[in-house]
Amino acid sequence: MSDALALDRLPRPADAPLHTAFELLVRDASDRAPWGLDDPAAAVADLAAWSWRGDLDPALGFAVAASVLGEAHAHRGARPVAMVAVDDPLDSARCLTDVLGHRLAEAEARARRITRDRGVDVLVREVFVPALATNLAALGDAGAQLVRAVFLAESFPEAAEDVMASAAVMLTVTFGCVRTGGGFDAVDPSSRYADRAPPDALRAIARAVAARCAKLGRRDASSGEQPHVTLARAIRAVHAAHAVLPSCDAASAQQIVDQCAGLEARLPTPDGHVASASPGDLAEALETRDLAMARAAVQGMDPAAVFRALAPFAATTAVARPYAIATTVQTVEALRALGLADAANAGVYVDAALALTVPWRPERDLARTLDAARADSGR
């Protein structure tokens, strides 16, 4: 932190405090993550955006980002840079084939050259988006990370090549896991929204997912993954779909809508009970983890003000584990962005953000993990 504050005295963009310090984190994250850009690295994008937008004290945003990355990668060295020689290094079609075929070195090498010589937009439009469109439902977390990678590449141009190479590695690894099973359940695409334009369809799907999130109570117990984890992942996937839609052609856009519709159709509908509201303000509600009080306190507030008040809580208090911090920050930012895109229904996204972050939930359920392991082993 002291080094970061010292760096902040160097010349920097006036509207981007601690820009140099955040850039060093981005470079380090791109170099160290063994399987490419991961959730802790992606969370740096949102923490930087919150810091620059005024939602979070920049020094606090940097401290959280450094802590999350440090705990995730402290004992890891740099990931070897792909030095393989490739034919047609600027051929985006071959880069896409590398990603889909799980050829890590070739995918990284071509991603570097395309970023350097043709630009980030070309790599996203001609490689990343077509790869995501093959199975966005299973690749939802990868999509969320790719959206953050683009933000990081645009915010830190000198680090763009390393960031996009790391993103290409992550997408290639994730696609390999999806292709071989890897715990990813296939989603049956749905054509329920086929009569709507893709932007309208995705807004409707986002509202439906957020409305399910809003039904979460204080505790939710079910077999398998906890509902709030599943719903938060779905929010991040649908937000990623919104973010990449401008880079899609008509066929890819419809493919992504159909997969998001299929994802929404299979989500759980929680039935958690929330007690009647007791009087209090939002700060008190967050401190006491009182969802009913929080919902009462935000009535009449501007949604942007609610998300601004929620940002420090999401980054520092809502959860404790580095991975949980990273995914919580990404989920809250996804809900904020979706609410801005659907201003008439912003309250639904505010309610979902409160339901996902305010109640305390165990971050490690070892009994559930043991039950799942026994079920997998047939014992």
- [ ] Kindly check if the number of other-residue, nucleotide or ligand heavy atoms within 6.0 Å of CD (E284) is above 12?
- [x] yes
* Asked: Heavy atoms, side chains only, cut-off 4.5 Å: are V124 and V244 in contact?
  -> no
Side-chain donor-acceptor pairs of residues 54-64 under 3.5 Å, sequence neighbours excluded:
| residue | atom | partner | partner atom | Å |
| --- | --- | --- | --- | --- |
| D55 | OD1 | R308 | NE | 3.0 |
| D55 | OD2 | R53 | NE | 3.1 |
| D55 | OD2 | R53 | NH2 | 3.2 |
| D57 | OD1 | A59 | N | 3.1 |

Cluster link L100 to V86, ILVMFWY, side chain under 4.5 Å: no
- request: Could you please spell out the steps behind the salt bridge (Lys or Arg N to Asp or Glu O under 4.0 Å) verdict for D117 and R113?
  value: CA-CA 6 Å; D117 296 348; R113 283 296 306 275; 2.9 Å; yes
Enumerate, atom names and distances included, each donor-acceptor pair closer than 3.5 Å involving a side-chain atom of residues 321-328, sequence neighbours excluded.
| residue | atom | partner | partner atom | Å |
| --- | --- | --- | --- | --- |
| R321 | NH1 | E363 | O | 2.8 |
| T327 | OG1 | Y323 | O | 3.2 |
| T327 | OG1 | A324 | O | 3.2 |
| T328 | OG1 | A324 | O | 2.7 |

Linking I/L/V/M/F/W/Y whenever their side-chain heavy atoms sit closer than 4.5 Å, directly or via other members, would L104 and V99 fall into one cluster?
-> no
Taken to the nearest 0.5 Å, the spacing of L338 CG from N345 CG works out to 11.5 Å
Practice task
Could you walk me through whether V44 and V68 pass side-chain contact (heavy atoms from CB on, under 4.5 Å), step by step?
Solution key: CA-CA 9 Å; V44 177; V68 167; over 6 Å; no
Between the CD1 atom in I235 and the CG atom in L231, the distance rounded to the nearest 0.5 Å is 8.0 Å
Practice task
Without swapping roles, check the side chain of S51 against the backbone of L47 for a donor-acceptor pair under 3.5 Å.
Solution key: yes
* Counting only N and O atoms by type, is there a donor-acceptor contact under 3.5 Å from the side chain of T97 to the main-chain atoms of A93? -> yes
Exercise. Start with the C-alpha gap between T331 and H239, add the side-chain angles, then the distance that decides, and say whether side-chain contact (heavy atoms from CB on, under 4.5 Å) holds.
Key: CA-CA 9 Å; T331 303; H239 170 247; over 6 Å; no
Of all heavy-atom pairs linking M164 and V120, the shortest is CE-CG1, 3.8 Å
In this structure, CG of D121 is separated from CD1 of I114 (nearest 0.5 Å) by 13.0 Å
ask   = Would you say the side chain of L146 lies within less than 4.5 Å of the side chain of V129, judging by non-hydrogen atoms?
value = no
#### Entry: Q254/D258 under side chain to side chain donor-acceptor pair (under 3.5 Å): CA gap, chis, key distance, verdict
CA-CA 6 Å; Q254 190 58 55; D258 291 346; 2.9 Å; yes
* **D88 side chain to D91 backbone, donor-acceptor under 3.5 Å** => no
Q. In terms of hydrophobic clustering (I, L, V, M, F, W, Y; side-chain heavy atoms under 4.5 Å; direct or indirect links), are L263 and I256 co-clustered?
A. no
Would you say the side chain of R289 lies within less than 4.5 Å of the side chain of F313, judging by non-hydrogen atoms? yes
Q. Do you reckon L152 sits in the same ILVMFWY cluster as M170, going by side-chain contacts under 4.5 Å, direct or chained?
A. yes
When every non-hydrogen atom of A355 is compared with those of R295, the smallest separation belongs to CB-NH2, 3.8 Å
Evaluate the side-chain contact (heavy atoms from CB on, under 4.5 Å) criterion for residues L216 and L356: first the C-alpha distance (whole Å), next the side-chain angles of each, then the deciding distance (0.1 Å), finally the verdict. CA-CA 7 Å; L216 287 165; L356 284 168; 3.4 Å; yes
For L202, is there any backbone N or O sitting under 3.5 Å from a side-chain donor or acceptor partner on H242? yes
request  = Spell out, as yes or no, whether a donor-acceptor pair under 3.5 Å connects the side chain of T134 to the backbone of A131.
outcome  = yes
Quiz item: Is there a donor-acceptor pair closer than 3.5 Å between any side-chain N or O of Q255 and the backbone N or O of A133?
Solution: yes
Please examine the side chains of V209 and L267, heavy atoms only from C-beta on, and report whether any two atoms are closer than 4.5 Å.
yes
- Verify, without hydrogens or angle tests, whether S166 (side chain) and L37 (backbone) share a donor-acceptor contact under 3.5 angstrom. yes
CG (D28) and CD (E23) are apart, to the nearest 0.5 Å, by 12.5 Å
Check: Quick one: do W35 and V163 end up in the same hydrophobic cluster if we chain Ile, Leu, Val, Met, Phe, Trp and Tyr together by side-chain heavy atoms under 4.5 Å apart?
Finding: no
Do the ring planes of F22 and W52 sit parallel (below 30°), tilted (30 to 60°) or perpendicular (above 60°)? perpendicular
All heavy atoms of L286 vs all of A309, minimum pair found to be CD1-O, 4.2 Å
key: Side-chain (R27) to main-chain (E158) donor-acceptor, under 3.5 angstrom   = yes
ask   = Salt bridge check: are R118 and E126 linked by an N-O gap of less than 4.0 Å?
value = yes
Between A45 and F151 the two heavy atoms that sit nearest each other are O-CE2, 3.3 Å
I'd like to know if the side chain of R336 and the backbone of P303 have a donor-acceptor N/O pair within less than 3.5 Å. no
Open item on the list: Strictly below 4.0 Å, N to O, side chains only: are R233 and D141 in salt-bridge contact?
Closed with: yes
Expected output: side-chain R32 to main-chain H73 donor-acceptor under 3.5 Å | yes
message: Please determine whether side-chain contact (heavy atoms from CB on, under 4.5 Å) holds for the pair R236 and V147, giving the CA-CA distance in whole Å, both sets of side-chain angles, and the decisive distance to 0.1 Å.
response: CA-CA 10 Å; R236 297 194 296 273; V147 169; over 6 Å; no
CG (L96) and CZ (R110) are apart, to the nearest 0.5 Å, by 11.5 Å
_salt bridge (Lys or Arg N to Asp or Glu O under 4.0 Å) between E264 and R212, worked out_ = CA-CA 10 Å; E264 181 241 319; R212 278 187 165 91; 3.2 Å; yes
Looking only at heavy atoms, the pair that brings L335 and A210 closest together is CD2-CB, 4.5 Å
Here the gap from F156 atom CZ to L24 atom CG, rounded to the nearest 0.5 Å, amounts to 9.5 Å
Shortest non-hydrogen pair, R125 vs S247, comes out as CG-O, 3.5 Å
Does D38 form a side chain to side chain donor-acceptor pair (under 3.5 Å) with Q145? I'd like the steps, not just the answer.
CA-CA 7 Å; D38 55 8; Q145 292 160 16; over 6 Å; no
